[in-house]
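Written below as structure tokens is the structure these notes are about.
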Amino acid sequence: MNVPFLDLGAAHDELRADIDAAYARVTGSGRYLLGPELEAFEEEFAAYCSARHCAGVGSGLDALTLALRALGVGPGDEVIVPAHTFIATWLAVSATGARPVPVEPDESTFVLSPCLLEAAFTPRVRAVVVVHLYGHPVDLDAVRAVADRHGVPVVEDAAQAHGARYKGRRVGSGQVAAFSFYPGKNLGALGDGGAVVTDDADLAERVRLLRNYGSCDKYDHLVQGFNSRLDEFQAAVLRVKLPHLDEWNARRARIAHRYTEALAGLPDLVLPSVEPWATSAWHLYVVRTRHRDALRQRLAAAGVETLVHYPVPVHRSGAYKGTEEACRAGALPVAERLAGEVLSLPVGPHLREDGVEAVAATVRNAMEELLRAGRARTGSR
Ligand SMILES: *Cc1c(COP(=O)(O)O)cnc(C)c1O
């Protein structure tokens with residue numbers, strides 16, 4: 001048996017003819033940046049998210065950074081971030097010169113816990129970044145209620161949640177959201193890409209300035225900008241994939257439900273839970289167990305590829321070594337525990353049914369074996 005974590009080749013095969021046609025359209029057009037494909041994709045993706053504006057940029061990290069810059073975040077400011085996330089969320093804050101202030105996750109949904117938000121506020125906090133981690137949306141209304149009291153905007157890091165819904169609304173239909181089109185995301189390009197989605201026309205315009213050297217008209221540089229543009233080829237590929245996103249997310253959801261059904265009732269294995277108001281995009285199916293490393297080893301031996309998102313909490317990484325954030329290490333016990341216990345099972349839209357059954361059976365057998373071995377060691381029955 002050989003079950004890859006994510007089969008991007010199969011995803012490409014399904015759409016090969018359309019992607020080849022898109023490629024040919026761009027190569028022959030003579031327009032490779034800031035052209036008609038980008039414009040069309042921006043319109044289509046904004047509509048998909050039920051938002052008014054979309055600005056394509058070079059990556060998800062840039063989408064977050066430019067959104068924060070466009071909101072006026074800079075040196076001396078603080079930005080609240082989840083403790084449990086991919087490092088890009090923190091790096092975007094640091095890139096503006098501001099300081100990330102971490103908040104612990106909820107133990108069952110893994111996303112930022114709104115009830116801990118209030119305590120993280122200081123007079124220097126200028127924004128809250130929430131992450132719809134693993135595809136599960138954050139409780140946006142609860143977060144916004146706290147942020148509104150402090151008069152700061154909420155930025156959604158939706159890099160793992162294209163198509164996820166909060167109370168029926170697609171994520172990205174709020175104040176401002178950053179998406180990544182890294183190949184492995186639910187909507188992935190054939191290279192790097194990202195987008196800022198917002199209803200705020202001025203904010204969208206500022207992101208458009210920032211992504212293009214601070215200029216709207218050539219050589220008229222209004223602000224010190226970046227070079228971060230979603231190129232025509234990636235935009236054309238994303239236009240081919242976008243109409244398939246809901247169907248691919250539905251396949252992920254079917255796999256997730258099958259795992260949840262097949263793995264229920266195993267002691268020491270915590271399955272992902274979904275809030276009643278949430279529709280997850282199931283970017284990842286993440287289980288928790290204190291036998292994580294042993295389980296992972298057994299799965300690997302049986303040909304099942306798994307990943308860990310993420311093995312080192314951001315505040316423990318070398319990138320934040322010696323910073324004030326790192327000193328909070330002891331103060332973030334939930335993030336620390338999760339880093340040692342989470343395991344992501346394959347949940348890609350091109351994982352076949354026999355693969356799903358094989359993964360579930362292998363996890364079940366391995367866990368039962370590990371539990372038996374544990375009981376034998378402690379002498380209990
Ligand atoms: C992937 C990811 C990013 C960064 O996206 P890139 O396109 O790789 O720069 C940011 N935040 C989260 C939560 C991500 O998963």
Side-chain angles (χ1 to χ4, degrees), residues 5-6 8 41 45 54-69 79-96 100 102-103 105-106 109-112 127-138 140 143 154-164 171-172 176-197 207 210-211 226-231 233-235 237-238 241 249 252 280-286 307-315 317 319-320 335 338-339 342 344 347-348:
F5 185 74
L6 181 64
L8 286 177
F41 173 71
F45 194 61
C54 167
V57 297
S59 71
L61 173 62
D62 286 358
L64 276 171
T65 307
L66 299 197
L68 289 167
R69 276 281 302 263
V79 175
I80 293 175
V81 295
H84 183 61
T85 182
F86 180 54
I87 193 169
T89 316
W90 289 44
L91 289 176
V93 173
S94 301
T96 67
V103 171
D106 178 276
T109 57
F110 303 115
V111 297
L112 177 140
V128 177
V129 180
V130 295
V131 182
H132 306 305
L133 197 71
Y134 306 154
H136 189 293
V138 166
L140 283 168
V143 168
V154 176
V155 179
E156 297 172 59
D157 178 343
Q160 302 188 357
H162 319 67
V171 304
V176 53
F179 287 87
S180 162
F181 306 123
Y182 175 81
K185 304 291 161 114
N186 289 40
L187 179 62
L190 301 184
D192 277 313
V196 176
V197 171
V207 171
L210 287 169
R211 76 177 174 187
F226 301 77
N227 173 4
S228 182
R229 301 168 296 212
L230 183 65
D231 69 67
F233 178 53
Q234 302 306 340
V237 168
L238 291 167
K241 288 190 165 182
N249 279 353
R252 290 175 183 270
S280 178
W282 290 110
H283 176 61
L284 298 170
Y285 186 94
V286 177
L307 293 174
V308 173
H309 300 90
Y310 300 88
V312 179
V314 182
H315 62 273
S317 68
Y320 285 92
L338 289 185
V342 290
S344 308
V347 73

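In what follows, residues are counted from 1 in the order of the sequence shown. First listed ligand is number 1; within each ligand, the first listed atom is number 1.
- Ring orientation note: the planes of F179 and F45 are nearly perpendicular, at an angle over 60° on the 30°/60° scale.
- With values rounded to the nearest 0.5 angstrom, L8 atom CG is found 4.5 Å from L6 atom CG.
- When ring centroids are compared, F86 and Y182 stay outside the 6.0 Å threshold.
- Shown in contact with L61 at under 4.0 Å from a heavy atom are these atoms of ligand 1, numbered in order with element: 4 (C), 5 (O), 6 (P), 9 (O).
- Of the N and O atoms on the side chains of Q160 and H132, not one donor lies less than 3.5 Å from an acceptor on the other residue.
- Between S180 and ligand 1, an N or O atom pair is found at a separation short of 3.5 Å.
- Each of the atoms 3 (C), 4 (C), 10 (C) of ligand 1 lies under 4.0 Å from some heavy atom of A88.
- Checked by distance only, ligand 1 and D192 stay at 3.5 Å or farther apart across all their nitrogen or oxygen atoms.
- The protein atom (non-hydrogen) at minimum distance from atom 11 (N) of ligand 1 is D157 OD2, 2.7 Å.
- Side chains of S344 and H309: a donor-acceptor N/O pair is present below 3.5 angstrom, by distance only.
- In terms of polar-atom proximity, defined here as any N/O pair under 3.5 Å, V131 makes no such contact with ligand 1.
- At least one N or O atom of K185 sits closer than 3.5 Å to an N or O atom of ligand 1.
- Ligand 1 places these atoms under 4.0 Å from at least one heavy atom of A159: 2 (C), 3 (C), 10 (C), 11 (N), 12 (C), 14 (C), 15 (O).
- Between Y134 and F110, the two ring planes are perpendicular [angle over 60°; tilted spans 30° to 60°].
- In this structure a side-chain-to-backbone donor-acceptor pair under 3.5 Å is present from N186 to A281.
- Not close to ligand 1: H283, with no non-hydrogen atom less than 4.0 angstrom away.
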